[in-house]
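Everything on this sheet refers to the single structure shown next.
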2 protein chains.
Amino acid sequence: MKKGQVTIRDIALKLNISISTVSRALRNSPEIKLETRKKVLAMADKLNYSPNVVAQSLRVNKTKTLGIVVPELASHFFASNISGIQDTAYRRGYNVMICQSNESFEQEKSDIRTLVSSRVDGLLISLSRETVSYDHLQNLIDREIPFVLFDRILEGLPVSTVTVDDTLGAYKVTRHLIEQGCQRIAFLSGPEGMYISQKRMDGYEKALSEKGIIMDPGLVRHSDLTSETTQAMVRDLLDQPNPPDAIFAINDPVAIDVMKFLKGRGIRIPQDIALVGFTNMPVSDALEPALSTVDQPAYEMGRLAANNLLDQLMDPDGFEPKNIVLDTELVIRKSSEK
Amino acid sequence: MKKGQVTIRDIALKLNISISTVSRALRNSPEIKLETRKKVLAMADKLNYSPNVVAQSLRVNKTKTLGIVVPELASHFFASNISGIQDTAYRRGYNVMICQSNESFEQEKSDIRTLVSSRVDGLLISLSRETVSYDHLQNLIDREIPFVLFDRILEGLPVSTVTVDDTLGAYKVTRHLIEQGCQRIAFLSGPEGMYISQKRMDGYEKALSEKGIIMDPGLVRHSDLTSETTQAMVRDLLDQPNPPDAIFAINDPVAIDVMKFLKGRGIRIPQDIALVGFTNMPVSDALEPALSTVDQPAYEMGRLAANNLLDQLMDPDGFEPKNIVLDTELVIRKSSEK
DNA sequence: CTGTTAGCGCTTTCAG
DNA sequence: CTGAAAGCGCTAACAG
């Protein structure tokens with residue numbers, strides 16, 4: 001990029017051959033004589049040549065770059081997703097550009113716009129907690145820009161998705177709590193429109209009804225996932241005439257906020273109130289009590305999402321969207337053992 | 001990027017003017033008549049024009065993209081650094097590409113190579129725990145590719161750096177522990193060559209000598225920051241004839257590993273052994289006991305590093321490298337209150 | 001104030 | 001097997 005960058009022209013000049021020959025040799029075109037190719041490769045090496053990917057991109061109209069949009073980076077779950085995506089992308093010769101929406105719908109739209117204008121070849125998107133409408137995604141479809149949704153998805157779009165079986169995960173949690181003798185299990189959910197809120201709610205309800213427990217709507221709350229709201233909701237839950245004996249939090253960060261609040265109130269976990277999260281953050285087992293949770297294969301989700309997107313880029317026509325659903329594992333720790 | 005992308009040529013054709021006029025109008029060149037510019041802008045809007053940044057990059061030999069290399073993404077500290085960088089970069093019209101070295105020197109070199117070949121305009125780098133040599137950085141200097149080091153730096157290079165006052169931070173920790181009555185304070189450090197290991201060691205020694213405590217070399221250990229090594233070292237520390245009454249861990253993740261191990265052994269914190277970390281991860285205060293630690297302004301570090309790099313890109317000649325050092329705050333919690 | 005022209009570095013027909 | 005030439009979309013002299 002700096003002055004004096006070596007180009008194929010320099011190689012051609014030195015070798016007294018045409019630049020097209022150099023170009024072909026560099027890319028192992030079969031029509032080049034072995035000897036010529038060797039000469040070119042040697043000279044390229046000697047001059048420390050490195051191709052100008054910008055020029056290549058302009059020429060072939062492909063940047064070999066994937067765009068990623070996540071709600072936040074400072075979350076172990078999304079960071080692991082990204083690792084999975086990156087490793088896969090690099091292995092297959094792609095770079096990534098990452099944006100965070102900070103859980104804002106507007107920012108998410110802007111991120112997508114930025115990435116598209118950077119000419120990424122495809123996108124991997126996990127939606128913000130505010131996102132309930134399609135338009136910006138439909139726009140990508142209209143412009144034939146391939147993308148895959150993961151974890152925070154929206155249903156009904158003809159695109160690939162990668163999720164865990166949220167319903168089953170929540171079902172396992174709720175059933176486990178019932179088996180521990182809990183009768184009034186609160187569900188501290190995320191925003192109503194969010195896919196994972198709905199799916200985990202389904203699992204929660206299924207387990208309750210299976211065990212013959214009538215769901216008390218007063219035990220279900222929708223948080224915007226911030227600490228403040230979470231704590232306000234727990235307070236509200238506790239101040240009811242008939243408080244819960246267990247809380248199922250939509251994810252580990254929320255569960256940690258709950259834990260802090262309960263401790264502050266002198267409420268014992270799990271004796272007074274059992275607690276379960278979702279995600280299995282690495283610190284979950286360092287908490288006191290260690291947090292029961294649902295292990296989500298974050299890295300694997302990223303890997304699968306990236307592979308699916310790259311397959312789509314390799315063969316745009318023969319491609320069929322897939323809905324990939326991974327299994328989860330309930331990790332039982334102290335916080336829910338009555 | 002898809003077929004039928006609108007170009008300035010399309011606008012020019014529609015308006016029966018030259019493409020250079022369109023180009024100038026789009027970029028608010030002062031030499032264009034207001035009326036013409038309005039027409040162009042209107043048409044661009046109507047056709048839903050979006051500039052091809054790849055072509056722009058090729059032409060002006062700048063990508064308006066910064067490269068970031070961090071040891072890992074799944075760390076709240078680095079994720080916050082990145083947020084600070086990103087916000088700053090976006091505000092100033094730049095995108096970012098992020099790579100993680102996974103604490104590997106080889107991977108770090110490869111990341112830098114990748115980013116450079118992607119033609120980023122500059123780099124922001126936090127070194128891996130293995131990095132003790134210069135060559136790959138010197139290479140950037142030789143090629144006149146601007147970069148800034150942050151947090152995990154290496155001294156002696158004519159480039160800007162952004163760190164916290166590691167020595168002072170460690171000094172505060174050690175003095176605090178002494179004031180709590182601790183006499184045998186172990187320092188569980190990182191790899192020997194690492195900048196932060198050395199600086200924090202300096203602060204540790206300074207506090208000890210100031211208080212007239214003779215440093216016991218047997219109380220200083222160098223971990224590679226993995227859980228396994230950390231736990232092995234703590235075991236070793238405990239199995240000494242004269243075990244420590246406090247442990248100062250190089251960062252919070254290591255402190256958490258220490259905590260897990262001590263708990264497993266039935267050792268009480270802080271009564272038997274006091275514990276302090278470094279970084280102030282958001283979960284630190286949810287631990288039991290809540291972890292004393294040193295608060296590092298991660299977001300701010302990222303912001304300053306990015307601003308410094310961007311200043312450098314704006315004015316390459318008039319630029320002087322700066323060593324920016326931020327202050328830290330000792331956060332005292334239960335884990336160190338005897 | 002606007003148009004013409006010449007590339008940025010590379011790939012890819014089309015001709016030999 | 002290799003070369004000549006066109007062009008990806010855009011910017012920037014240079015000329016009017």
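In what follows, every chain begins at residue 1, and chains take the letters A, B, ... in the order their sequences are listed.
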Interatomic distance, [X] atom [atom1] to [Y] atom [atom2] [nearest 0.5 angstrom]:
X	Y	atom1	atom2	answer
A:Ser104	A:Lys109	OG	NZ	9.0 Å
B:Ile17	B:Lys39	CD1	NZ	6.0 Å
B:Tyr90	A:Gln107	OH	CD	8.0 Å
A:Leu127	A:Glu108	CG	CD	5.0 Å

Checklist line | No-H, no-angle donor-acceptor pair, A:Arg24 side chain to D:dG3 base, under 3.5 Å | finding: yes
Next item on the list: Would you state whether a donor and an acceptor, one from the side chain of B:Ser23 and one from the base of D:dA12, lie under 3.5 Å apart?
Entry: no
Can you measure [X] atom [atom1] to [N] atom [atom2] for me and round it to whole angstrom units?
X	N	atom1	atom2	result
A:Ile19	D:dA5	CD1	P	11 Å
B:Leu26	D:dG9	CG	P	15 Å
B:Lys64	D:dC10	NZ	P	17 Å
A:Asp10	C:dC10	CG	C1'	13 Å
B:Asn61	C:dC10	CG	C1'	14 Å
A:Ile8	D:dA4	CD1	C1'	14 Å
B:Glu31	C:dT4	CD	C1'	14 Å
A:Leu13	D:dA4	CG	P	12 Å

Next item on the list: Mind running a 4.0 Å heavy-atom check of residues 37-58 of chain A against DNA chain D and sending the residues that fall below it, in number order?
Entry: A:Leu58
Checklist line | Shortest non-hydrogen separation from B:Arg119 to A:Val53 and the atoms involved | finding: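 Scanning both residues completely, I find the closest heavy atoms to be NH1-N, 4.4 Å.
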Next item on the list: Would you confirm whether B:Thr88, through its side chain, and B:Gly84, through its main-chain N or O, come within 3.5 Å as a donor-acceptor pair?
Entry: yes
Next item on the list: Would you mind telling me which of B:Leu309, B:Asp111, B:Leu140 makes a side-chain contact (heavy atoms from CB on, under 4.5 Å) with B:Leu123?
Entry: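 Of the listed options, the one satisfying the test is B:Leu140.
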Item checked: A:Lys33 side-chain proximity, nearest of C:dT2, D:dT2, D:dA12 ->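 The closest nucleotide is D:dT2.
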Next item on the list: Among the candidates D:dG3, C:dC10, C:dC1, find the nucleotide nearest to the side-chain atoms of B:Thr36.
Entry: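 The answer is C:dC1, which lies nearest to the side chain.
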Next item on the list: Respond yes when some side-chain nitrogen or oxygen of A:Ser20 is under 4.0 Å from OP1 or OP2 of D:dG3, and no when none is.
Entry: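 Checking A:Ser20 against D:dG3: no side-chain N or O falls below 4.0 Å of OP1 or OP2.
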Margin query: Please determine whether a side-chain nitrogen or oxygen atom of A:Ser18 lies at a distance below 4.0 Å from atom OP1 or OP2 of D:dG3.
Written below: yes
Note to self: Pair B:Glu72, B:Arg129 - check salt bridge (Lys or Arg N to Asp or Glu O under 4.0 Å), show working.
What the structure shows: CA-CA 11 Å; B:Glu72 59 170 338; B:Arg129 66 165 183 241; over 6 Å; no
Next item on the list: Verify the neighbour count for atom NZ of B:Lys322: are there more than 12 heavy atoms of other residues, nucleotides or ligands below 6.0 Å?
Entry: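 No, not enclosed.
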Notebook entry, point to check: Could you write out DNA chain C as a dot-bracket string, with dots for unpaired bases, | for bases paired across to another strand, and Watson-Crick or G-U pairs counted at under 3.5 Å?
Noted result: ||||||||||||||||
